[in-house]
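Remarks on the structure that follows.
Both counts, for ligands and for their atoms, begin at 1 and track the order of listing. Sequential numbering from 1 along the given sequence is applied to the chain's residues. Computed from heavy atoms alone, side chains included, the values below leave out hydrogens, waters and symmetry copies.
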Amino acid sequence: MTDVIVFEHVRKEYPDATVAVDDLSFAVHEHELLALVGPSGCGKSTTLRMTNRLVQLTSGRILLDGEDITRVDAVGLRRRIGYVIQHVGLFPHRTVAQNVATVPRLLGWDRARTRSRVGDLLELVGLDPDRYARRYPHELSGGERQRVGVARALATDPPVLLMDEPFGAVDPVGRRRLQVEFRRIQRELGTTVMLVTHDVDEAVRLADRVAVLSRGGHLEQLAPPVTVLSSPASPAVAELVGTGAAVRLLTLGRLEPEDLAPLTAEDVRAADGLGAGGTRSDAVVEVGAPLDDVFAAVARVPGGRVTVHRDGAPVGTVDADGLVAALHRVTGPTPS
Ligand code: ADP
């Protein structure tokens, strides 16, 4: 596994003697999405901004593809690293297309190449170029502006993308959709992403690995989302993931055949009735369904036993016990 970004004993002390980050070491692997999460003021933005040298580190080293970032010229560095922030900072007097084309034009791309790239990117982020390319930022919703910001950051297909609360300005429903779409794009492009968020839900939903920071940029835990939720490494992590951890785990797991109980003759009759009338459709889930959907179904049906289908045919049932077993399967054996 290649390490794209490496922090080695990094410290940042601001001129007023605030130590924002102290002795931070970790690595971001190629193609992964690593989320930095932690309470406000714990040093997340400072960590991100040291990586593209918007903030100068005090001591230690940051390597990009094995190269010390202080030895790369800053302009060259920022071409290799895209940057998305919460308040996107689109140019107000430029159209959507011109905003997305900012960096390609700086790089001297010709018109045809730039135009085709802009069109592709707008489609990628779900904005129809015919409708949006000529609009100005004030003619967009907050979510649409955010999409343009993502498109602009991806314009030159940077291998590395830094994102600071990138979906923070979007309403909850739009945010969820944008997260899912962004994750798809990121996987497709293979972009290595370091993302800062104070939102634990966002971190566990998006990230391959989550780095939990506490005050002073202290790394409390760096692990896959399921591990952070099921085995918090310290009281600070436990406090951050909180009592919602089990519910969040439900969003990460899926129903597998091994979680099912066999169908009884009565179940089969009920399932037949369902096929004909379709009136009890909320009592059915599919194999592979997210566990939070299964939980909702189990909670809803009288008796708490839900028929499970695969390819349209009933293959078993699941109840609260099955759900708990599924949850344990997701979290794996917990270290004692
Ligand atoms: P986070 O992104 O986790 O909210 P920051 O990295 O923004 O945290 O800030 C970490 C600490 O550094 C905070 O105590 C903050 O007040 C301080 N800080 C951030 N920027 C500056 C600055 N330019 N000068 C002095 N202190 C700063």
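- Distance CD/Glu239 to OG/Ser214: 10.5 Å, rounded to 0.5 Å.
- For ligand 1, the protein residues within 4.0 angstrom (heavy atoms only) are Tyr14, Asp16, Thr18, Ala20, Pro39, Ser40, Gly41, Cys42, Gly43, Lys44, Ser45, Thr46, Arg215.
- In the displayed structure, Phe295 atom CZ is contacted under 6.0 Å by at most 12 heavy atoms of other residues, nucleotides or ligands.
- Among pairs with a residue in residues 5-15, those fulfilling salt bridge (charged side-chain N to carboxylate O under 4.0 Å, His left out) read Glu8-Arg61, Arg11-Glu13, Arg11-Asp22, at least two apart in sequence or across chains.
- No side-chain donor-acceptor contact under 3.5 Å links Asp199 and Thr197.
- Applying the ring-ring contact (aromatic ring centres under 6.0 Å, His included) rule to Phe26 yields the partners Phe7; only residues at least two apart in sequence or on another chain are considered.
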Side-chain donor-acceptor distances from residues 114-122 under 3.5 Å, at least two apart:
unit_1, atom_1, unit_2, atom_2, d
Thr114, OG1, Asp110, O, 2.8
Arg117, NE, Ala155, O, 2.7
Arg117, NH2, Leu154, O, 3.0

